[in-house]
2 protein chains.
Amino acid sequence: MATTGTDLSRMREMNQLSIVWALRGNPPSTVTELAARAGLSRPAVDVLVQALVTDGWAEVEEPGASSSVGRPARRYRFRADAGHVLGIDVGVHKILAVLSDLEGNLVGTLRRPVDPDAPPGARLSEVDRVVDDVLGAAGMVPADVWAVTLGVTGPVDAAGRTSFSTPLPGWTAADPVAHLAARFPCPVRVENDCKLSAVAERWNGVAQDADDIVFLLAGLRTGAGLILDGTLRRGHGGAAGEIGALKAVRWLTAPDHLQSCPGIPATAAPGEAAAWVFQAARDGDREAVKAVRRYTRDLAVGVAALVLTLDPQVVVYGGGFSRSADVVLEPLRRELTKHCLRLPELRVSTLGDESVALGAVRLGLDEVDSRLLSDGLSAPTAPHR
Amino acid sequence: MATTGTDLSRMREMNQLSIVWALRGNPPSTVTELAARAGLSRPAVDVLVQALVTDGWAEVEEPGASSSVGRPARRYRFRADAGHVLGIDVGVHKILAVLSDLEGNLVGTLRRPVDPDAPPGARLSEVDRVVDDVLGAAGMVPADVWAVTLGVTGPVDAAGRTSFSTPLPGWTAADPVAHLAARFPCPVRVENDCKLSAVAERWNGVAQDADDIVFLLAGLRTGAGLILDGTLRRGHGGAAGEIGALKAVRWLTAPDHLQSCPGIPATAAPGEAAAWVFQAARDGDREAVKAVRRYTRDLAVGVAALVLTLDPQVVVYGGGFSRSADVVLEPLRRELTKHCLRLPELRVSTLGDESVALGAVRLGLDEVDSRLLSDGLSAPTAPHR
DNA sequence: TGGATAATGCTGAGGAGTTTACTAAGTCGG
DNA sequence: CCGACTTAGTAAACTCCTCAGCATTATCCA
């Protein structure tokens with residue numbers, strides 16, 4: 001416990017930060033409201049918020065039509081557009097970039113398909129183009145960005161590299177952090193896609209109330225991201241949640257039960273095959289129901305291992321198959337009941353395939369916040385590495 | 001992020017706490033040393049530490065023989081004996097109570113065997129007697145104790161009750177918190193034994209440097225305790241680490257491979273049977289080696305599930321079988337290599353069977369510290385619930 | 001005995017937040 | 001239209017904390 005002594009200036013810094021947090025995410029607020037929220041006296045808040053205005057963190061809204069009795073109050077608003085963060089989802093088939101202001105409002109989104117076989121170099125060039133376009137559309141340049149987070153499949157180490165297998169062809173040789181760092185002076189971070197989805201579900205999704213969350217990515221690939229005690233857990237080497245690597249857990253081959261179901265139209269693509277099977281199962285097709293049950297049984301072993309290890313409050317069912325959750329959730333629940341001591345809540349993701357990019361944005365915002373905490377707030381400018 | 005505003009008095013409180021932490025666990029210190037450690041100026045430390053002395057948190061040591069040139073400095077010492085915490089291990093065969101001062105120095109230890117078939121009431125009465133004796137030997141009464149932590153086998157919920165199975169006969173009907181709360185006015189907590197062992201290994205044991213730890217309890221019972229990012233993880237319902245409940249993980253029956261090894265002397269008790277097999281394996285007995293390998297194989301599946309889920313830095317091999325780690329560790333390592341993406345360090349516990357009680361003490365000390373942080377430090381007295 | 005060294009004690013300066021009182025700017029009711 | 005009431009903004013007095021600097025004190029060594 002290395003608590004270090006505090007002096008006046010640090011105290012003022014902390015109080016100013018608490019004003020920022022009282023300001024942000026709220027409608028324009030009066031000094032009195034801020035004082036109540038931050039637990040400070042009105043005069044103190046007054047000078048602090050005025051300092052924020054002169055620094056550029058906040059702006060004044062002169063009193064307009066008053067709605068109640070008494071002198072109308074000046075209101076202060078957090079300048080969410082003082083900075084922006086960028087979240088990028090590098091998938092096998094698509095690249096999705098999301099630009100957000102400091103309050104988490106999305107100010108730009110751009111999705112572009114990419115050749116599934118594209119080598120890392122081409123994929124990163126495509127990332128550059130998508131990023132340029134989404135920044136250009138918002139009238140910004142890379143120097144305006146305060147944090148960049150990139151999501152990829154496969155476990156990511158502390159340096160942002162993917163050493164083990166990943167569906168992205170050749171990606172183990174890529175160094176995405178170096179690539180992005182050459183273009184962005186701000187902090188750059190790479191993270192696993194399941195982990196980012198988990199973060200997104202807690203931020204904007206279906207698990208906002210929970211502190212212990214397992215996000216289950218169910219699709220042609222199966223994976224998991226963990227949030228414990230409210231924060232993303234990466235593990236010592238960044239490989240937390242990779243239970244699918246265990247042979248006894250048949251996550252790798254679980255989707256095959258769907259692909260090999262008799263009756264799938266020959267013309268269907270892999271992704272559509274699964275969707276067809278789910279629909280058939282929904283319609284009562286015996287073979288399809290059996291295939292879904294086999295899939296669920298394999299899925300459940302891994303989920304049970306996660307649940308028994310972590311005892312989460314919520315398991316979020318996400319990924320491509322979450323659209324067909326209605327035919328999967330009940331069998332999954334039954335299987336889990338067999339395996340687990342205490343059944344967590346099962347919820348279905350609603351964020352769709354934007355969850356990775358959203359989680360990336362959230363992680364970028366967290367990075368900004370932790371910078372503010374450690375460095376204090378001077379004038380709002382993009383942090384450097 | 002609910003940062004609340006700070007004023008001067010809170011600042012002083014924080015600084016005083018930082019002095020306490022600079023004082024504690026160090027030899028008697030001069031004001032200058034404290035100032036350096038706490039990052040405060042000398043005059044500030046001076047008044048703070050004098051306040052601590054008048055409150056009773058610290059005591060003065062007048063300058064004695066000076067060891068170097070210059071005026072000899074007054075030294076201040078943390079009054080570790082201002083309060084004490086109690087850690088109790090309620091095992092199947094024994095009850096172990098450890099009494100510690102506020103610095104974590106053990107001032108009393110008492111172990112007493114208990115009938116393995118004793119019902120909860122008798123077991124708790126025995127706990128009372130052991131506690132009375134260890135307190136009596138130290139010349140203390142229950143009101144002198146600042147925190148009590150009790151360790152039991154089986155998952156423990158937030159109320160301190162064990163709802164699932166446990167080797168302690170009838171324990172699911174027991175309410176140990178209520179029982180202890182009737183005798184101790186201070187905070188009382190009950191925790192799972194594996195979790196406490198994990199805490200102890202990080203405090204005083206073999207994993208002091210690690211932040212992500214899996215403690216593996218290997219004995220007639222198999223279990224696990226998890227430390228992630230430096231703090232104990234309990235899970236939402238307190239059942240984190242219970243991977244052994246998964247059927248695919250054969251932890252329940254794994255020790256049977258040892259019990260059923262041919263050649264065990266008929267006279268051996270269950271615990272001695274395993275020891276005999278380990279010794280025989282050490283001596284090269286083919287059957288024994290095979291039995292150990294079968295045991296290890298079953299053990300490894302569960303460990304692999306934990307490792308893949310959490311990606312820890314260290315796995316600590318503890319429990320009764322850790323005395324025979326030399327014949328288990330290598331096969332275990334081989335098995336894990338087959339299953340895992342990244343092999344964590346494997347270390348052998350050195351704390352022996354005191355680890356549960358030690359972990360309980362540590363949790364009590366943490367409880368005291370968090371009280372100080374939230375309530376500030378008035379005169380040192382036992383906190384109430 | 002005198003000089004060097006290092007700790008102690010004291011005083012004043014400066015900064016931050018709180019309290020209190022007062023002024024300004026609205027609404028509401030007669 | 002005017003006065004009572006309510007709420008916001010502002011300024012001064014006050015308290016509390018830390019810090020810097022200087023004088024004082026105690027010990028060792030030559």
**OP:** Indicate for each nucleotide in nucleotides 5-16 of chain D, in 5' to 3' sequence, whether protein heavy atoms under 4.0 Å reach the base (B), only the sugar-phosphate (S), or nothing (-).
**Re:** -BBBBB-----B
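- For the pair B:Glu61 CD and C:dT8 P, the computed distance is 13 Å after rounding to whole Å.
- A cation-pi contact, defined as under 6.0 Å to the ring centre and within 45° of the axis, links B:Arg362 to B:Trp203.
- A:Ala240 approaches A:Lys195 most closely through the heavy-atom pair O-NZ, 3.1 Å.
- Under 4.0 angstrom from either OP1 or OP2 of D:dT18 there lies at least one side-chain N or O belonging to B:Asn15.
- Atom CZ in A:Arg10 sits about 14 Å away from atom P in C:dA16, given to the nearest Å.
- Residues passing the side chain to side chain donor-acceptor pair (under 3.5 Å) test with A:Asn204, sequence neighbours excluded: none.
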Compile the donor-acceptor pairs under 3.5 Å between side chains in residues 47-55 of chain B and protein atoms, sequence neighbours left out, one pair per line.
from	atom 1	to	atom 2	distance (Å)
B:Gln50	NE2	B:Asp46	OD2	3.1
B:Thr54	OG1	B:Ala51	O	2.9

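- One can place CE of A:Met14 at 16 Å from C1' of C:dG17, the figure rounded to the nearest angstrom.
- Salt-bridge check for A:Asp369 with A:Arg371: failed, with every basic side-chain N at 4.0 Å or more from each acidic carboxylate O.
- Taking atom CD on A:Glu62 and atom C1' on C:dA25, their separation rounds to 13 Å, with Å as the unit.
- Ion pairing between a basic and an acidic side chain is recognised when a charged N comes within 4.0 Å of a carboxylate O; B:Arg24 and B:Glu103 show no such pairing.
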